[in-house]
Amino acid sequence: MSPLPPQDSKEMPPKTKEKRKKTGAQKKKENAGADVEVKYAHRLAVMEKELLQDHLALRRDEARRAKASEDQLRWRLQMLEAELEEARSEGKAIYAEMCRQCRALQKEMETHRRQQEEEVMGLRKKLETCQREAEAAQQEAERALGERDQTLAQLRAHVADMEAKYEEILHGNLDQLLAKLRAVRPQWDGAVLRLHAKYKEQLHQFGLNPLDL
């Protein structure tokens, strides 16, 4: 292989000039790239700013809605607390009224119970008194009946004795009367016959027949 021929030192400046051109173009390209990067960075910053503003506006809107919701919820809570307090007050009032009515009813029932107990005690006393009076009346009736039976027996015996005596007296008086009648009968018969003849004669005087009368 043959060695390369030696190069001339005079041909070096064109390469340097081309190198300089390349360096200028490269600088222009770098400057253009830097401008693009600056524009991109500016655009990116603008977009980030807009996004941040939108985000902040959204957050403010959300905060406003949240505040409105919070206010509405707080108002609703206050209304519910007021209603709850009113319901508690009404419940306390109803409970107090029910307690009062319950106490009144218990008092009335207690009074009624005491009245019934007193009435029952009074009725028991009256029943005991009636039973004692009935027993005493029964004993008195039995005693009176015994005395009446005894008196009736005595009266019957006395009446029987008096009847026997009266019968004896009557028979004696009748016997005496019959004896007297037997003694005066002949005289009565004569008087009767004379009276009969007298009335018969008077009737004849008046033209009357005694047999027709």
[atom1]/[X] to [atom2]/[Y] distance, rounded to the nearest 0.5 angstrom?
{"X": "Met121", "Y": "Lys126", "atom1": "CE", "atom2": "NZ", "result": "13.5 Å"}
{"X": "Leu51", "Y": "Leu58", "atom1": "CG", "atom2": "CG", "result": "11.5 Å"}
{"X": "Leu155", "Y": "Asp161", "atom1": "CG", "atom2": "CG", "result": "12.5 Å"}
{"X": "Met109", "Y": "Cys102", "atom1": "CE", "atom2": "SG", "result": "9.5 Å"}

- [ ] Please tell me if the side chains of Glu62 and Arg59 come closer than 4.5 Å, counting only heavy atoms from C-beta onward.
- [x]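 With C-beta onward as the side chain, the pair touches.
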Task: Flag side-chain contact, heavy atom, 4.5 Å: Glu142 against Gln138 - done: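 They are in contact (side-chain heavy atoms under 4.5 Å apart), so the answer is yes.
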Open item on the list: Evaluate Glu48 against Leu52 for side chain to side chain contact (heavy atoms under 4.5 Å, CB included), listing each step before the verdict.
Closed with: CA-CA 6 Å; Glu48 288 179 352; Leu52 182 60; over 6 Å; no
Open item on the list: Would you say that more than 12 heavy atoms from the other residues, nucleotides or ligands in this model lie under 6.0 Å from the CD of Glu168, or not?
Closed with: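 Incorrect, the count does not exceed 12.
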- [ ] Please check if atom CD in Glu108 has more than 12 non-hydrogen atoms from other residues, nucleotides or ligands closer than 6.0 Å.
- [x]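 No, because the 6.0 Å sphere around CD of Glu108 holds 12 heavy atoms or fewer from other groups.
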- [ ] Decide whether Gln154 and His158 meet the rule of one side-chain donor and one side-chain acceptor closer than 3.5 Å.
- [x]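 Side-chain D/A pair, Gln154 to His158: absent.
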Open item on the list: Is it true that Arg148 and Thr151 share a donor-acceptor pair across their side chains at a distance under 3.5 Å?
Closed with: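 No, no side-chain donor-acceptor pair sits under 3.5 Å.
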Task: Test applied, side-chain hydrogen bond (donor to acceptor under 3.5 Å, both in side chains); reference residue, Thr129; option that passes from Lys125, Glu133, Gln131, Arg132 - done: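 Of the listed residues Lys125, Glu133, Gln131, Arg132, the side-chain hydrogen bond (donor to acceptor under 3.5 Å, both in side chains) partner of Thr129 is Arg132.
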- [ ] For residues 69-81, pull every pair meeting side chain to side chain donor-acceptor pair (under 3.5 Å), keeping only residues two or more places apart or in separate chains.
- [x]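 As it turns out, the side chain to side chain donor-acceptor pair (under 3.5 Å) pairs with a partner in residues 69-81, which skip direct neighbours, are Lys67-Asp71, Glu70-Arg74, Asp71-Arg74.
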All N/O donor-acceptor pairs, side-chain side in residues 84-101, below 3.5 Å, sequence neighbours left out:
| residue | atom | partner | partner atom | Å |
| --- | --- | --- | --- | --- |
| Ser89 | OG | Glu85 | O | 2.9 |
| Glu97 | OE1 | Arg100 | NE | 3.3 |
| Glu97 | OE2 | Arg100 | NH2 | 2.5 |
| Glu97 | OE2 | Gln101 | NE2 | 3.0 |

Task: Test: Glu117 and Arg113 ion pair at under 4.0 Å - done: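 A salt bridge links Glu117 with Arg113.
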Task: Salt bridge Arg114-Glu110, side-chain N to carboxylate O under 4.0 Å - done: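 A salt bridge is present here (some side-chain N lies under 4.0 Å from a carboxylate O).
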- [ ] Apply side chain to side chain contact (heavy atoms under 4.5 Å, CB included) to Gln116 and His112, showing your working.
- [x] CA-CA 6 Å; Gln116 285 184 340; His112 186 62; 2.8 Å; yes
TODO: Using the salt bridge (charged side-chain N to carboxylate O under 4.0 Å, His left out) rule, take Glu128 and Arg124 through it: C-alpha gap first, then chi angles, then the decisive distance, then the call.
DONE: CA-CA 6 Å; Glu128 291 175 356; Arg124 284 179 180 174; over 6 Å; no
